[in-house]
Amino acid sequence: MPTDQFQQKILAWFDLNGRKDLPWQQAISPYRVWLSEVMLQQTQVSTVIPYFNEFIDQFPDVNALASAPLDSVLHLWAGLGYYARARNLHKTATLISANGGVFPDQLDALIALPGIGRSTAGAILSIAFNKSYPILDANVRRVLARHYAIVGWSGHTKISNQLWEISTLNTPVKRSADYTQAMMDLGATLCTRSKPQCNQCPISASCLAKIENKVHFLPTAKPTKAIPVKNIFFLILQNPQQQFLLEKRPASGIWGGLWSLLEFDSIENIHLWGLDNNMPVQAIKTLKPQRHTFSHYHLDYTAVLAKTKMSVNNVMEANGLVWYKVGQIKSLGLPAPIKKILQEQY
DNA sequence: AACTCGGGGCA
DNA sequence: TGCCCAGAGTT
């Protein structure tokens, strides 16, 4: 099918069936498009919506975000995952704010900003500036891989280049904002990974995957790899004032910059740590082991409930350790499994 | 239990 | 340039 017919069908479908009521589709601005696109990079729409609204509420524009402390940005982000995104978001806000609060409208300048790659830059240019730039997010990738029956994992450079080329050729000069939104909507609502609704799809007649009966095999899945298991113990330590001990994690790595429970590789080491730090630990109860899966390993964790008679010692501050009351902890924003552990106990 | 999702960073 | 890293939700 010629490109212009492809575009026509996509846009006609969008006019009737596209989503137009998402929060970031109202009062469209580069700031709102950028914020939503970064949140949507690895997270689904339904999860993002409350976070987006809260961010807009607290940081109505890029200058407000730039002047906020990184900690408060991380706090608002807690639960969304991939916390480096929040750090990059804040960094980019300060760069744009220093530039008078004006977003770049050039591809290279956008890509130079932390947390903005080719696809996010394309989304900002097409949706916020109505310029004709392609995107290649997961939705668009799925629609194109199926329609043109592109076989091979998109993580391979060759396949990725092929898909980018198709996306570029298919992006119209006019109405590129609507087209971009339409392709994302099509992938999100009809051309889904499982149970795609081809009968309602505006381009199913020319879809090679449909014609060749390959819809369920495309796009080609990422090669699976066995991932290791890491075993740890989380210490839920309570002092006589009914406070709990949390530590601030290092800025990089898992749960970077977030508050968490102290982590040990054995129960014995919990006791050794207590003795070493003049804070003898008395274990009360060992909870049932649970599994939390990251992309590259399983974290099998066991929470240990314990108490201590000591509330202060000289190593705490240097190690980022702070006693918190349960009520305070709930307002901190914690990694999902830590939040779960504490919610189930208190 | 497997799958999904862009970008940064490093060898 | 090709790999590794990073979390929570859905299926």
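By convention in this document, chain letters (A, B, ...) are assigned in the order of the sequence lines, proteins followed by strands, and residues within each chain are numbered from 1.
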What's the [atom1]-[atom2] distance between [X] and [N], to the nearest Å?
X        : N     : atom1 : atom2 : result
A/Met39  : B/dG7 : CE    : C1'   : 17 Å
A/Ile116 : B/dG9 : CD1   : P     : 14 Å
A/Leu74  : C/dG7 : CG    : P     : 11 Å
A/Arg142 : B/dG6 : CZ    : C1'   : 14 Å
A/Gln42  : B/dC3 : CD    : P     : 19 Å
A/Tyr297 : B/dA2 : OH    : C1'   : 19 Å
A/His292 : C/dA8 : NE2   : C1'   : 6 Å
A/Asn88  : C/dC5 : CG    : P     : 18 Å

How would you label the contact of [X] with the nucleic acid (heavy atoms, under 4.0 Å): base, sugar-phosphate, or nothing?
X        : result
A/Leu136 : nothing
A/Leu40  : nothing
A/Gln41  : sugar-phosphate
A/Arg141 : sugar-phosphate
A/Leu258 : nothing

Where do N or O atoms of nucleotides 9-11 of chain C meet protein N or O atoms at under 3.5 Å, pair by pair?
none

Of the nucleotides [options], which one has an atom closest to the side chain of [X]?
X        : options             : answer
A/Thr157 : C/dG2, C/dG7, B/dG6 : C/dG2
A/Tyr82  : B/dC5, B/dG7, C/dG2 : B/dC5
A/Arg291 : B/dA1, C/dA8, B/dG6 : B/dA1

Ring centroid separation for [X] and [Y], is it under 6.0 angstrom?
X        : Y        : value
A/Tyr297 : A/Phe294 : yes
A/Phe264 : A/Phe233 : no
A/Trp323 : A/Phe244 : no

- Taking C-beta and beyond as the side chain, do A/Leu76 and A/Gln58 meet within less than 4.5 Å on heavy atoms? yes
- Message: Could you work out, with side chain to side chain donor-acceptor pair (under 3.5 Å) as the rule, every residue matching A/Arg141, not counting sequence neighbours?
- Response: A/Ser154
- Message: Nearest 0.5 angstrom please: A/Trp255 CH2 to A/Leu334 CG, how far?
- Response: 10.0 Å
- Query: Within less than 4.0 Å of OP1 or OP2 of C/dG7, is there a side-chain N or O belonging to A/Thr43?
  - Reply: no
- Note on the structure: Result for 5'-nearest mapping on DNA chain C, choosing between A/His156 and A/Leu334, is A/His156
- Message: Using only atom types and a distance under 3.5 Å, with no angle test, would you say the side chain of A/Asp185 pairs donor to acceptor with the backbone of A/Arg19?
- Response: yes
- Looking at A/Trp259, is A/Arg249 sitting on its ring face, NZ or CZ under 6.0 Å from the six-membered ring centre and within 45 degrees of the normal? no
